[in-house]
Engineer: 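The structure follows.
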Amino acid sequence: MPEKYHIETRPIPPRRPRVGKYGIVDWREDCCRCHNCVKKACIYDRHREETNYIRNLTDVDALFFDCMGCFSCVQDCAKGLLSLSLNPVYENLGNAYWTPEIIRTTWLQAETAKIPVSGAGYKGRFSGPGFDAMWTDMSEIVRPTRDGIHGREYISTSVDIGRKPAFLHFEQGELARPIPALVDLPMPLLIDMMPDQYRLSRLEPAMIKTARKTDLIALVDYRSLPKLARSQLRHVAFYLDQGVKMPDADMLRQTRLVEIADGPDVAERIDAVKQIHPEIVAVVRVALTSDGVERAVKLAEGEVEAIHVVADLQGNEVGAERPRFIKDMIRKIHRDLIENSRRDEVTLIAGGGIALAEHTAKAVICGADLVSINLPLLIGLECHLCRRCEPGGSCPAKLEQVELDYCVGRMTNLIAAWHGQLIEVMGAMGMREIRRLRGDVGRAMFFEDLEEQTFGKLFTSGS
Ligand code: SF4
Ligand code: SF4
Ligand code: SF4
């Protein structure tokens, strides 16, 4: 059995006061000093923590909002003096897609590297737009032998990037054509470049170091290459935008993967890279604009080894008035490749809108081999996704003062938590290998399909 993939983690507490959803308002007046005050009974000890917090207050603009919202003290106070309040800062986090819940969950995972547990306390909706319109099959959850995270069964999350030949050619008992190079990653995750509006100088070195720590690969724009140690190059893939010159040959030979922007000369640029380093795997980056799906399918008909399709930050089709969501675009590409008998030959990487660990599993079920992420790593550094990332702007996460070790630790914790969740979800589905989950839509239910099956006949015209 291969050695189990394991990421070393350690708790990294936040640098800033926690931004929780709830706070407790304590009116105090008329308090009857009960012997068994409900504040002492808070199982999270939040009332005592609040007192300590106020004693050591450093930022006057940040109040204590870390109550878990269980209502116990509010309901049981003998005089009804306590009430729950919503934190306005929490409500303003992120946007409609990157919701405050997603941001807070990401912060907790980046702090602890643990899987968030909601259990019976889950207060959210059971369906919604985007990935929330998809439910994974958890029918094997009760089988203890499937419990991969605790080591009773090995669940593989490894994936390969590269072209796989449909069949092997032999001549006189010998392989007539060499097998193309493959890049093996221990989990289906590529660390993508930060979008331009969030590119902070300190992030790139941290992302590269995180890639090394987690044995993954970070994409780095070759135009803004930071100083790199030779040992880091194995965990770096240069991104060559249109018009960018070929990378330094010596550096390129130390890498395993390169990503090239799609364009009219993409085939020649791949050839030029392969002239320098024949063993490198070349990925073509395709923006999921209105013709992105068709372009990805067309590229796969040629000799392209891997395609990285990228939607916008919300997972939507780029520039469309009524955009398709990434899960639907992945499904379309996957199905078209199957129809063209090309699916097993090319690797499909999907990016844009991958905000939670469960989105990785869902994107793979839709047909991606692996996903790329960027914003979750930034959010893990206590970013509020407030879109005020200009030089000299007031960053609520104070990211301009951040230490490299803190960034690498939090990013590593987040990836470890996602890996744990991926194993959990695969165990619950009875899957032992992520490669086999690709395109297995029988492992999920889609809201649109269920709605159509249930109500389609009732509400379609002519019925
Ligand atoms: S339970 Fe309510 S009234 Fe009693 S001591 Fe606590 S806060 Fe005061
Ligand atoms: S609502 Fe629950 S978590 Fe919050 S302070 Fe009261 S007892 Fe503690
Ligand atoms: S919190 Fe800081 S890093 Fe995050 S979006 Fe706002 S200004 Fe940018």
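All figures in this text were calculated on a predicted structure; none of them were measured in a lab. Atoms within each ligand, like the ligands themselves, are counted from 1 in listed order.
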Engineer: Would you say the rings of Trp418 and His359 are close, in the sense that their centroids are separated by under 6.0 Å?
Structural biologist: no
Engineer: Return the CG to CD distance between Leu228 and Glu204, rounded to the nearest 0.5 Å.
Structural biologist: 8.5 Å
Engineer: Of Asp192, Asp221, Asp241, Asp262, which meets salt bridge (charged side-chain N to carboxylate O under 4.0 Å, His left out) against Arg285?
Structural biologist: Asp192
Engineer: Have a look at Asp66 and tell me which of Arg104, Arg48, Lys21 forms a salt bridge (charged side-chain N to carboxylate O under 4.0 Å, His left out) with it.
Structural biologist: Arg104
Engineer: Please list, in number order, the atoms of ligand 3 under 4.0 Å from a heavy atom of Leu399.
Structural biologist: 3 (S)
Engineer: Quick one: look up the protein heavy atom nearest atom 8 (Fe) of ligand 3 and list residue, atom name and how far away it is.
Structural biologist: Cys389 SG, 2.1 Å
Engineer: Atom 2 (Fe) of ligand 2: which protein heavy atom is closest, and how many Å away?
Structural biologist: Cys70 SG, 2.3 Å
Engineer: Would you say Cys32 reaches atom 8 (Fe) of ligand 1 with an N/O/S atom under 2.8 Å?
Structural biologist: no
Engineer: Mark up the atoms of ligand 2 that fall under 4.0 Å of a heavy atom belonging to Tyr44, in ascending order.
Structural biologist: 3 (S)
Engineer: Show me which atoms of ligand 2 lie under 4.0 Å from any heavy atom of His47.
Structural biologist: 5 (S), 6 (Fe)
Engineer: Considering only protein heavy atoms, which is closest to atom 1 (S) of ligand 3, and at what distance to one decimal place?
Structural biologist: His384 N, 3.3 Å
Engineer: Give the residue and atom name of whichever protein heavy atom lies nearest to atom 4 (Fe) of ligand 1, and the separation in Å to one decimal.
Structural biologist: Cys34 SG, 2.3 Å
Engineer: Which of the numbered atoms in ligand 2 are under 4.0 angstrom from any heavy atom belonging to Phe71?
Structural biologist: 1 (S), 2 (Fe)
Engineer: Which option, Gly23, Cys77, Cys73, owns the non-hydrogen atom nearest atom 6 (Fe) of ligand 2?
Structural biologist: Cys73
Engineer: Could you tell me, atom by atom, which parts of ligand 3 come under 4.0 Å of a heavy atom of Cys395?
Structural biologist: 1 (S), 2 (Fe), 3 (S), 7 (S)
Engineer: Heavy-atom distance to atom 5 (S) of ligand 3: which of Ala397, Cys386, Ser394, Gly94 wins?
Structural biologist: Cys386
Engineer: With a heavy-atom distance limit of 4.0 Å, tell me whether Lys39 approaches ligand 2 through its side chain, its backbone, both, or neither.
Structural biologist: neither
Engineer: Between Phe131 and Phe325, is the gap from one ring center to the other below 6.0 Å?
Structural biologist: yes
